[in-house]
Amino acid sequence: MMFVSKLHIFNTKTRMFISKQMLTKRTVSLISIPFSRIPFCTNASSSSVMEDSKQIVDTLISIFPKRPQNEEQNQQLKDLGLMITANIVENALKGFKNWKIAQEFFYWASKQNNYVHNCYTYNAMAYMLVHARQNDALRNLAIEVVNSRCFMSPGALGFFVRCLGSQGLVNEANFLFDEVKRLNLCTPNVYSYNCLLEAISKSGDVCLIESRLNEMMGFNWVLDKYALTPLLYCYCQAGEFVKAIDVFNRMDDSGWVDSYIFSILVVSFSKRGEVDKAYELIEKMENQKSYGCLTEKTCCVLIHGFVKEGRVDRALQLLDKMHRLGYNADISIYDVLIDELCSIKQFEKALLLFWEMIELGIQPDMKILTKLVSCVPEDDDIIPLLKSWKGDLTNKNRTLLFNSVLKGLIGRSSIDKAYELLRAALADGFQDDNERTKIIGNGKIVVPDTTSFETIISGLCQANKLDLALDLFRDMDHIGCKRSVLLYNNIIDCLSHSDRVSYCYTLLNEMKNSGFQPTEFTHNSIFGYLCRHEDVEGAMNMLRAMRTQGHKPWIKYYTLLVRKLCKHRRAIEACNFISAMAHEGFLPDIVAHTIALDGLFMIGEPEKALKLFRDLCSSGYCPDVVAYNVIIKGLCKEKRLLESHDLLNEMLNKGLVPSVVTYNLLIDGWCKYGDIDKATKCLSKMFEEKREPNVISYSTLIDGFCDSGRPVEALNLWVEMKEKGCLPNRIAYMALINGLCKCRKLDEAILYLGEMEMKDMIPDPFIYVAIIDTSLSHSDPVLALNVLKKMVQTKTFPDPNDKNHGILKYSVMVLYKDPRTSSDVKNLIDKGGLPTHFCASAEGNATDIVHQVI
DNA sequence: TTAGGGTTAG
């Protein structure tokens, strides 16, 4: 046995200055070589040594895992321990199938006399740990290699660093790199650095990459493509596309862009939703004749990515390009494209792709076929699709096709046909001569399954044919077809919407007894019914049942209940419901609370509202702008303007930004309070705070000015509003016209009514009433009559409960009595243009009616 | 199979 030196001696002065040319020509492609093929060791010895070593390696691999079972083997292992070299250990390590055994061997070897590990044995061990994903052990090994003070070649360092990087142990890679440098165990070269950069890029840490690159440039090294690729990758990961494109262009100028580098950028564009940018890049490379850059694999990745971003247009263009490049698109590409085209209802394109597949010899699978059958809009397309199936027509496939035909019929609103088809299949398994059923049946019987029932029952429920659905549901038992949770849910939901709630409870019990666990949907279907019907007690009982199952009540339902209660002036009950929910562990959110606050103000309980609001704040809730708005609105209504402003300040202190609504409420508050100047100040404040006033702000203030008898200012504001680009709407016009009437500015009111009608805006009846009333007080019955005729023409009259109803009645009577208008009013009455209740009073006693009105 | 709901002007 030859004695082989156990220590490799390295040249520690390997640091050198490498020119760009040297790098580009000599650097081996780091990226394109699979990790596993990078050699650990280039040590070559004489052939006889290799022979001997090989024998030792083989023996170790064979006996070590078994562990010496007898004295003889034990002795053999001891003897081998005397003979091992780093080379032998390295090769033995590579031979073990189990990482644990390899690790035991590694530590056994290190205890043998005269044996010391070298960098290659460490690397072999690291490699085993990488493949076994033993990150803790790998981390420890990195520390051990430093502690062992073993020298490392720059290449070996690079290898270990890549091992760490591949497992995402970026900090460890940096630690190892810096420690071996500090302890003079290795002088890293460009390759070692590039490995480190690649490892860092796994973490996407742009700063770290940049600082390492600066380090490299400090040695006057020229950065090559393997240094820039990790940088490009990191910029892409960080979404720093400007920088990424810059790096890419630099690489492109040097002719370094290969398919991998190209795919980093282009796939990253796609992932960030920059589909057009990705496509432009593809075209740019194509124009540069860099054909090799766009590989088949990249195309596939991009098509999937484009579709995911909802850009099926670009995906189809790329598919076209693939064809031109002679690449094959696999079935998954067609699957994803057809699926997407169907979901955006571009069925013709989907069908074209389908037939293209067949032409290219790619056999569509059942998933693609059933998708198309179930959603193409034309009946005529179905038969050719069904006939195209060349695969096995097993019972299962037959049922799948049958179900897709049912789905298709329902999608085309032919629920009756679909229902009959299922009934026919249940009756005789298709003995009729319908062409479609013959194809599916192919002379054999189609056996409907649970999905068939789910499809039809869901269709029947949607079409409001609940009883038919229930019959079918009951029939499932007779043919021995298993029900499903989906079916129960669908029917329960449909029953709840048809107000047949007692049957819902029956089915709920039935499903539990049949071993189906109700889902959140099941419970919420019934909970929804109870909320719609303001059944607080029932809703609470359901909540308790839900709590035991860990189900959550849907927000939309419990807010609906709160809203309905408040609308019916049952705000106190709404508050009690909210508390009871909280007591059950379902704390309603700020929206439900806001509705309740509004409800309390509505029933004239401002103190209760304020208490609830303060309780919310102190219990850690953070009321938002809308909640504050509701309180401000309530306080304004109560004429507590100063408190409203206190709340505005409170909002600001909390960092909440008051909305346009907030200011509008305060403007309205001050207007109604009679302090129009304060209201104007609020408008100014909006400009200061860069909260652009809207048409509501202006209308409110215009109304306020008119109420204060200041029509000129109202009209000025009207002009200002239009100058600011804020267009008046129907309500704004009505506010102005009504306001002008209140100020007795009849001519202006008529002017704006004309303007409004020119814009095809139809005013509410009260506007006509206001003008009629004002005209009469201006002693202009003819004008009033004309407006009354307009009302008759447009058939808009105030509701009998509306106060304007009485005013109009009185006006009609006045016009009836006035000789200037009397005959016209009679005429209107005779022709039936005026509702009878106006006619009856026209001849009545004026005083009586005045009493009625007032 | 299921969703986000609440506040402003005549």
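Because only heavy atoms are used, hydrogens play no part in the values below, and waters and symmetry mates are left out as well, while side chains stay in. The model shown is predicted, which means the values in this text are computed figures rather than measured ones. Protein chains get the first letters and strands the later ones, always in sequence-line order, with residue 1 at the start of each.
Annotation for A:His778: atom NE2 counts as buried by contact number, over 12 foreign heavy atoms lying within 6.0 Å. Within 6.0 Å of the NZ atom in A:Lys308, the count of heavy atoms belonging to other residues, nucleotides or ligands does not exceed 12. Heavy-atom contacts from other residues, nucleotides or ligands closer than 6.0 Å to CD1 of A:Ile603 number more than 12.
At the heavy-atom level, A:Thr700 lies under 4.0 Å from the strands shown only through sugar-phosphate atoms. Here A:Asp589 lies in heavy-atom contact (under 4.0 Å) with a base. At the heavy-atom level, A:Ile595 lies under 4.0 Å from the strands shown only through sugar-phosphate atoms. Nucleic acid contact class of A:Lys637 (heavy atoms, under 4.0 Å, all strands): none.
The listed nucleotides are B:dA9, B:dT1, B:dG6; the one nearest the side chain of A:Val485 is B:dT1. Listed candidates were B:dA9, B:dT1, B:dT7. Nearest to the side chain of A:Asp598 is B:dT7. When the nucleotides B:dA9, B:dG6, B:dT7 are ranked by their closest atom to the side chain of A:Val695, B:dA9 comes out on top. Among the nucleotides B:dT8, B:dA9, B:dG6, the one closest to the side chain of A:Leu665 is B:dT8. When distances are taken from the side chain of A:Trp554 to each of B:dA9, B:dT1, B:dT2, the shortest belongs to B:dT2.
Cation-pi geometry between A:Arg483 and A:Phe453 is not met at under 6.0 angstrom from the ring centre and within 45 degrees of the axis.
A donor-acceptor pair under 3.5 Å is formed between the side chain of A:Asn513 and the backbone N or O of A:Asn509. Side chain of A:Arg691 to main chain of A:Tyr663: no donor-acceptor pair is present (N/O by atom type, distance under 3.5 Å, no hydrogens or angles).
Residues from residues 726-745 of chain A lying near DNA chain B, meaning a heavy-atom separation below 4.0 Å, are A:Asn729, A:Ile731, A:Met734, A:Ala735, A:Asn738 in numerical order. Within a heavy-atom distance below 4.0 Å of DNA chain B, the residues of residues 619-632 of chain A found are A:Asp624, A:Val626, A:Ala627, A:Asn629, A:Val630.
A centroid separation of 6.0 Å or more is found between the aromatic rings of A:His523 and A:Trp554.
Between the P atom of B:dT7 and the NZ atom of A:Lys567 lies a distance of 12 Å, rounded to the nearest Å. As a whole-Å value, the separation of A:Arg563 CZ from B:dT7 C1' is 13 Å. Going from atom CZ of A:Phe527 over to atom P of B:dT2 covers 19 Å, rounded to whole Å.
Taking only side-chain nitrogens and oxygens, A:Lys633 never comes nearer than 4.0 Å to OP1 or OP2 of B:dT7.
For B:dT1, its base sits under 3.5 Å from the side chain of A:Asn489 at one donor and acceptor pair at least.
Considering A:Phe613, A:Tyr621, A:Phe577, A:Tyr558 as possible partners of A:His593, the one that fulfils the ring-ring contact (aromatic ring centres under 6.0 Å, His included) test is A:Tyr621.
Looking at residues two or more places apart in sequence or on another chain, you find no salt bridge (charged side-chain N to carboxylate O under 4.0 Å, His left out) involving A:Lys637.
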